[in-house]
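Quick caveat: nothing in here was measured; it's all calculated off a predicted structure.
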Amino acid sequence: MNLLGYLNDHLAGAAAGIQLVERCRERDPESELGQMLQILLLEIRNDRDVLERVIRVLGGSPDTIKRGAALGAERISSLRMWLPMIGPGSRESARLEEIEVLSLGIEGKRLMWAALAQLSSADERLSGFAFPDLKRRARSQRDRLERFRLRRATEALGPPKVAPMRATA
């Protein structure tokens, strides 16, 4: 895989990630998670813009086919919430999986920034980017999301809630 192909794969992932964050945030924008996702959305858009600049500095351009495929795949995965026969089994499980997919995407982005930081020592075209800072921001994004992932895991995977029994007279 060449570098531009690798970066375009990540760019497509960013497009899908943005769509996923928007969908999750729209469910309850005023909640603590919704507010955190709003901030995360702005950061991910900024990261995407940096990645587009990296691609252009390297002489490439964003691959619209990969982007479209990623957006289509994310759209199809969103249907799982509404189709129980292919879904995760419950709304709580689906929401847990959404947060986990987002968390994994952010971790992939962190690894990409680390790889680019390594490459920047050998490719002067990459020297103008703050890859260590971008890597730290990705770690922060993932850390902020982790609390909500664990909360969703408890809701989805914890013991079933039993209704209290009423005393009979």
(request) Please report the closest heavy-atom contact between Val21 and Leu37, naming both atoms and the distance. (result) CG1-O, 3.5 Å
(message) Membership question, hydrophobic clusters at under 4.5 Å side-chain separation (ILVMFWY): are Leu33 and Ile44 in the same one?
(response) yes
(request) Could you pull out all residues at least two apart from Arg139 that satisfy salt bridge (charged side-chain N to carboxylate O under 4.0 Å, His left out)? (result) none
(message) Could you tell me if Ser140 and Arg144 have a donor-acceptor pair between their side chains, going purely by distance under 3.5 Å?
(response) yes
(message) Under the criterion side-chain contact (heavy atoms from CB on, under 4.5 Å), I'd like the reasoning laid out for Leu145 against Met36: C-alpha separation, chi angles, the key distance, then a yes or no.
(response) CA-CA 8 Å; Leu145 196 57; Met36 190 277 297; 3.5 Å; yes
(request) Could you tell me which residues satisfy salt bridge (charged side-chain N to carboxylate O under 4.0 Å, His left out) with Asp28, sequence neighbours excluded, listed by chain and number? (result) none
(request) May I ask you to decide whether Glu100 forms a salt bridge with Arg95, counting only side-chain N to carboxylate O separations under 4.0 Å? (result) no
(message) Tell me whether Val50 shares a hydrophobic cluster with Leu4, the cluster being built from Ile, Leu, Val, Met, Phe, Trp, Tyr side chains joined at under 4.5 Å.
(response) yes
(message) Is any side-chain heavy atom of Arg152 closer than 4.5 Å to one of Glu92?
(response) no
(request) State which residues pass ring pair (Phe, Tyr, Trp, His ring centres under 6.0 Å) with Phe148; sequence neighbours excluded, sorted by chain then number. (result) none
(request) Please check if Leu104 and Val101 belong to a single hydrophobic cluster, counting links between Ile, Leu, Val, Met, Phe, Trp and Tyr side chain heavy atoms closer than 4.5 Å. (result) no
(request) May I ask you to decide if Gly5's main-chain N or O and Asn2's side chain share a donor-acceptor pair within less than 3.5 Å? (result) yes
Enumerate donor-acceptor pairs with a distance under 3.5 Å from any side-chain N or O in residues 107-116 to protein atoms, sequence neighbours excluded.
residue, atom, partner, partner atom, Å
Glu107, OE1, Arg110, NE, 3.0
Glu107, OE1, Arg142, NH1, 3.1
Glu107, OE2, Arg110, NE, 3.3
Glu107, OE2, Arg110, NH2, 2.6
Lys109, NZ, Asp47, OD2, 2.6
Lys109, NZ, Gln141, OE1, 2.7

(message) Using the salt bridge (charged side-chain N to carboxylate O under 4.0 Å, His left out) criterion, which residues pair with Asp143? Sequence neighbours excluded.
(response) none
(request) Look at the side-chain heavy atoms of Ile, Leu, Val, Met, Phe, Trp and Tyr, link any pair under 4.5 Å apart, and say whether Leu20 and Leu96 land in one connected group. (result) no
(message) Is there a side-chain contact (heavy atoms from CB on, under 4.5 Å) between Arg48 and Glu52? Walk through the geometry before answering.
(response) CA-CA 6 Å; Arg48 177 207 52 205; Glu52 286 178 350; 4.0 Å; yes
(request) Could you tell me which non-hydrogen atom of Asn46 sits nearest to which non-hydrogen atom of Arg137, and how far apart they are? (result) OD1-NH2, 2.7 Å
(message) If the threshold is 4.0 Å, N to carboxylate O, is there a salt bridge linking Glu146 and Arg149?
(response) yes
(message) I'd like to know if Glu32 pairs up with Arg147 as an ion pair, taking the criterion as any Lys NZ or Arg NE/NH1/NH2 lying under 4.0 Å from an Asp or Glu carboxylate oxygen.
(response) yes
(message) The criterion is salt bridge (charged side-chain N to carboxylate O under 4.0 Å, His left out); which residues satisfy it with Arg25, sequence neighbours excluded?
(response) none
(message) One thing to verify: whether Glu22 and Arg45 come together as a salt bridge, which I'm taking to mean a side-chain N less than 4.0 angstrom from a carboxylate O.
(response) yes
(message) side-chain contact (heavy atoms from CB on, under 4.5 Å) for Leu42 and Ile39? Distances and angles first, verdict last.
(response) CA-CA 5 Å; Leu42 297 173; Ile39 294 165; 5.7 Å; no
(message) Please say yes or no: joined through hydrophobic side-chain contacts below 4.5 Å, possibly via intermediate residues, are Leu150 and Ile99 part of one cluster?
(response) no
